[in-house]
Amino acid sequence: MIKKEEIFGYTPGEKYSKAVAYFSMEFAVDQALKIYSGGLGFLAGSHLRSAYELKQNLLGIGILWKYGYYDQVRDGNALMKAEFIEKNYSFLQDTGIVFTVTVHDSPVHVKAYLLRPETFGSAPLFLLSTDIPENDYLSGTITHCLYDANEQTRIAQTIVLGIGGATLLDILGIEPDVYHMNEGHSVSLNFYLYAKYKSLEEVKKRVVFTTHTPEMAGNEAHSYGLLKEMSFFYHLQEHEVRSLLGMDGNNFNYTVAALKFSRKANGVSKIHGGVARKMWSSYQGICEITSITNAQNKIYWKDSVLDDAISSNNDEAVIRRKKEMKSMLFKTVADQCGKLFDENILTIVWARRFADYKRAELVMWDWERFLRLVNNTQFPVQIIWAGKPYPEDPGSTDQFNHIIRSVKAFANCAVLTGYELALSALLKKGADVWLNNPRMYREASGTSGMTAAMNGAINLSLPDGWVPEFAKNGENSFVIQPAPDLLSVDEKDKQEANSLMDILEHSVLPMYYNNQAQWLTILKKAAADIVPAFEAGRLADEYYEKMYKV
């Protein structure tokens with residue numbers, strides 16, 4: 001069995017000596033380790049990488065998903081479909097630790113693997129699996145698919161993450177000063193801690209919480225009866241949970257419980273911190289909610305050649321490298337779509353998780369105007385979409401495939417599949433414009449524009465999430481004017497679509513083709529402004545300063 005002193009491989013610095021266990025349902029540490037779905041994982045992966053660079057005493061607790069989230073492939077008509085393909089990772093260390101957690105009043109065996117720090121340059125990450133011979137078939141499937149659509153399986157996954165992760169730490173002889181819940185999936189760990197310390201106050205001394213979801217419906221909740229039946233509350237009865245947390249109603253809300261178990265919580269941008277405080281203000285006994293804006297790890301995401309060219313203010317080198325990176329992206333476009341893009345043409349990329357509020361089709365809202373944009377010979381454009389819808393969300397999958405059908409005939413429009421870390425990096429490096437147009441106040445943070453700016457892509461965005469903390473319209477980005485809040489959803493979509501097209505037609509395209517010096521000034525200003533404010537070293541340090549210190 002692995003020994004505690006073998007886990008880190010480095011001595012934590014004095015500033016970061018407080019021991020932290022960071023629980024997350026997903027981690028995007030490297031393309032080779034497919035245990036993530038999107039932004040939550042990208043954030044967690046960058047956090048672990050920067051924790052390693054700063055030599056912080058932080059380790060991750062996650063799940064080893066046998067089939068990952070899903071593999072995004074194409075069917076016979078070149079439309080997107082989800083495939084679940086077994087993953088195997090020889091670079092994970094078998095710790096030799098197998099233990100049991102109770103799920104549905106039955107023992108489930110859990111095996112612990114370790115992603116060592118030196119493998120990908122990250123803080124140590126323990127990954128839990130139930131897919132082992134000691135389990136029956138059903139128990140083995142708990143850790144098969146990230147965000148399984150079956151409600152009982154989903155609950156079992158959160159039990160393995162929370163109670164299983166806390167159990168593993170005790171087996172290792174590690175008593176963290178701080179248990180950090182990255183989103184509410186690991187909230188069951190608090191019932192384990194309550195059984196251990198016999199006091200809500202003692203639990204609260206040790207637990208902090210990051211909330212990422214500004215929509216009430218997106219905060220996971222299940223009936224008390226089902227959770228009790230699933231052994232989610234560890235040794236507590238339903239009435240004891242209600243009494244302990246002062247929670248009413250038929251459903252147990254993970255986020256509300258996390259806010260009651262924690263001594264401090266944070267939203268993931270200044271706007272989101274305010275939204276979260278407003279969302280949960282009617283609940284008694286919740287902790288303080290501050291904000292720590294998300295960030296991304298520059299060492300992982302940057303292109304070193306471009307970064308050097310920007311730092312040395314070498315415009316010719318910036319232009320040359322940007323064209324080279326576009327050409328690399330366009331090889332993937334040609335391979336997947338049979339379309340040959342031109343590195344001299346302005347390239348717009350919309351790439352992120354597919355969800356209705358993110359409005360992947362906003363640029364097409366006025367179809368006639370969209371046709372004028374893509375057929376413009378004076379100021380030509382190329383547009384690329386990419387992203388992953390939830391595999392059990394047919395509406396988002398239909399939207400993805402509707403875009404494929406809509407732009408199939410256009411030689412300068414492409415929709416790419418396989419949106420994971422590697423393709424995300426390729427898109428950011430190859431984009432001239434990084435388009436972000438969610439409905440306002442629905443994006444908790446959104447971080448893709450940060451790494452786009454690190455790679456010479458200029459953000460064209462609505463001022464939601466992290467963007468207002470960064471964007472200076474016409475100086476380091478282009479900002480879409482939001483429609484008034486009082487308007488209907490349809491009217492907001494109409495106004496914001498028109499604002500988007502106005503900016504493209506009157507500012508972005510003329511500047512790119514007629515005023516290269518100004519374009520490069522914005523590009524370089526964006527790259528300068530993104531660091532250190534939106535680099536994950538700041539984030540990792542700020543968590544120690546604002547959340548982990550008592």
Side-chain angles (χ1 to χ4, degrees), residues 1 21 23-26 35 61-68 84 86-87 92 94-113 126-172 179 181 184-198 203 220-245 247 250-254 257-258 261 392:
M1 189 173 84
F23 288 70
S24 185
M25 201 72 150
E26 49 176 298
I35 55 169
I61 303 285
I63 304 273
L64 182 58
W65 303 108
K66 182 176 183 178
Y67 296 97
F84 295 87
E86 179 181 333
K87 311 292 187 291
L92 294 177
D94 183 344
T95 65
I97 299 172
V98 177
F99 59 95
T100 61
V101 296
T102 301
V103 178
H104 224 150
D105 286 333
S106 299
V108 171
H109 297 269
V110 179
K111 189 175 186 64
Y113 295 86
F126 285 98
L127 297 171
L128 307 177
S129 174
T130 64
D131 187 55
I132 54 177
E134 291 89 335
N135 284 321
D136 60 27
Y137 171 77
L138 201 59
S139 298
T141 65
I142 293 172
T143 60
H144 275 189
C145 299
L146 173 60
Y147 304 132
D148 195 290
N150 179 278
E151 185 180 15
Q152 293 193 29
T153 306
R154 182 83 164 255
I155 292 168
Q157 292 175 344
T158 62
I159 293 171
V160 171
L161 178 63
I163 295 173
T167 303
L168 172 65
L169 293 170
D170 277 352
I171 292 170
L172 290 166
Y179 295 80
M181 296 183 288
H185 306 113
S186 58
V187 72
S188 65
L189 80 88
N190 295 281
F191 297 110
Y192 181 92
L193 296 179
Y194 183 76
K196 184 176 179 180
Y197 295 109
K198 313 298 183 187
V203 174
E220 192 164 354
H222 302 280
S223 75
Y224 279 93
L226 179 57
L227 290 172
K228 175 64 181 72
E229 184 182 316
M230 294 289 297
S231 309
F232 184 87
F233 301 129
Y234 203 48
H235 298 314
L236 292 182
Q237 299 300 313
E238 180 182 329
H239 71 275
E240 293 176 305
V241 175
R242 290 179 181 274
S243 175
L244 175 68
L245 297 176
M247 291 172 66
N250 295 322
N251 287 337
F252 176 90
N253 184 292
Y254 284 17
F261 272 124
E392 302 297 332

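Between His235 and Glu240, the closest side-chain pair of non-hydrogen atoms is not below 4.5 Å. Looking at heavy atoms from C-beta onward, Val108 lies out of side-chain contact with Thr102 at the 4.5 angstrom threshold. Within the 4.5 Å cutoff, side-chain heavy atoms of Ile132 are placed close to those of Val98. In this structure, Leu227 and Ile155 have side chains that are in contact, with non-hydrogen atoms separated by less than 4.5 Å.
The backbone N or O of Cys145 sits nowhere less than 3.5 Å from a side-chain atom of Asp148 that would complete a donor-acceptor pair. In this structure a side-chain-to-backbone donor-acceptor pair under 3.5 Å is present from Thr95 to Ala112. A distance-only check finds no donor-acceptor pair linking the side chain of Ser243 to the backbone of His239 [under 3.5 Å]. Judged by distance alone, with hydrogens and angles left aside, the side-chain atoms of Glu134 form no donor-acceptor pair with the main-chain N or O of His109 at under 3.5 Å. Proximity of a side-chain donor or acceptor of Trp65 to a complementary backbone N or O of Lys87 within less than 3.5 Å is not detected.
Taking Thr158 as the reference, Tyr254 meet the side chain to side chain donor-acceptor pair (under 3.5 Å) condition, with sequence neighbours excluded. The side-chain contact (heavy atoms from CB on, under 4.5 Å) check on Ser223 picks up Leu226, Asn251, with sequence neighbours excluded. Remark: Asn135 pairs with no residue by the side chain to side chain donor-acceptor pair (under 3.5 Å) rule, at least two apart or across chains. With sequence neighbours excluded, the residues forming a side chain to side chain donor-acceptor pair (under 3.5 Å) with Asp136 are Ser139, listed by chain and number. Not counting sequence neighbours, the partners of Ala166 by the side-chain contact (heavy atoms from CB on, under 4.5 Å) test are Leu189, Tyr192. Residues forming a side chain to side chain donor-acceptor pair (under 3.5 Å) with Glu392 (at least two apart in sequence, or on another chain): none.
Here the closest heavy-atom approach between residue Gln152 and residue Met230 is recorded as O-CE, 3.1 Å. In plain terms, the two heavy atoms of Ser186 and Met181 that are nearest each other are OG-CG, 3.2 Å. The two atoms that bring Ile159 and Ser188 nearest to each other are CA-OG, 3.7 Å, heavy atoms only. Summarising the geometry of Ala21 relative to Leu169, their closest heavy-atom pair is CB-CD1, 3.7 Å, with the distance given to 0.1 Å. Closest heavy-atom contact between Tyr179 and Lys196: OH-NZ, 4.4 Å. Ile142 approaches Val160 most closely through the heavy-atom pair CG2-CG2, 3.9 Å.
Residues Tyr234 and Tyr194 keep their aromatic ring centres 6.0 Å or farther apart. Centroid-to-centroid, the aromatic rings of His104 and Phe232 stay 6.0 Å apart or farther.
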Q: Please step through side-chain contact (heavy atoms from CB on, under 4.5 Å) for the pair Phe261 and Leu193, ending with a clear verdict.
A: CA-CA 10 Å; Phe261 272 124; Leu193 296 179; over 6 Å; no
(Q) side-chain contact (heavy atoms from CB on, under 4.5 Å) for Val241 and Gln237? Distances and angles first, verdict last. (A) CA-CA 6 Å; Val241 175; Gln237 299 300 313; over 6 Å; no
Q: Determine, stepwise, if the pair Val103 / Val101 fulfils side-chain contact (heavy atoms from CB on, under 4.5 Å).
A: CA-CA 6 Å; Val103 178; Val101 296; 4.1 Å; yes
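Ion pair Glu220/Arg154 flagged as a salt bridge, since at least one NZ, NE, NH1 or NH2 atom sits closer than 4.0 Å to an Asp/Glu carboxylate oxygen. Between Lys111 and Asp131 no salt bridge is recorded (no basic side-chain N to carboxylate O distance below 4.0 Å).
The CZ atom of Phe126 sits 11.5 Å away from atom CG of Leu92, with the distance rounded to the nearest 0.5 Å. Atom CG of Leu146 and atom CD1 of Ile35 lie 9.0 Å apart (nearest 0.5 Å). The CD1 atom of Ile63 sits 8.5 Å away from the CG atom of Leu127 when rounded to the nearest 0.5 Å. For the atom pair OH (Tyr113) and CG (Leu128), the distance works out to 11.0 Å, reported to the nearest 0.5 Å. A distance of 12.0 Å separates CG in Asn190 from CZ in Phe233, rounded to the nearest 0.5 Å. Distance check, rounded to the nearest 0.5 Å: OG of Ser231 to CG of Asp105 gives 4.0 Å.
Considering Thr167, Val110, Leu172 as possible partners of Ile97, the one that fulfils the side-chain contact (heavy atoms from CB on, under 4.5 Å) test is Leu172.
Counting only N and O atoms by type, the side chains of Glu26 and Tyr147 include a donor and acceptor under 3.5 Å apart.
For the pair Arg242 and Tyr224, the cation sits on the ring face: its NZ or CZ lies under 6.0 Å from the ring centre, inside 45° of the axis.
The aromatic rings of Phe252 and Phe191 sit tilted relative to each other, their planes meeting at an angle between 30° and 60°.
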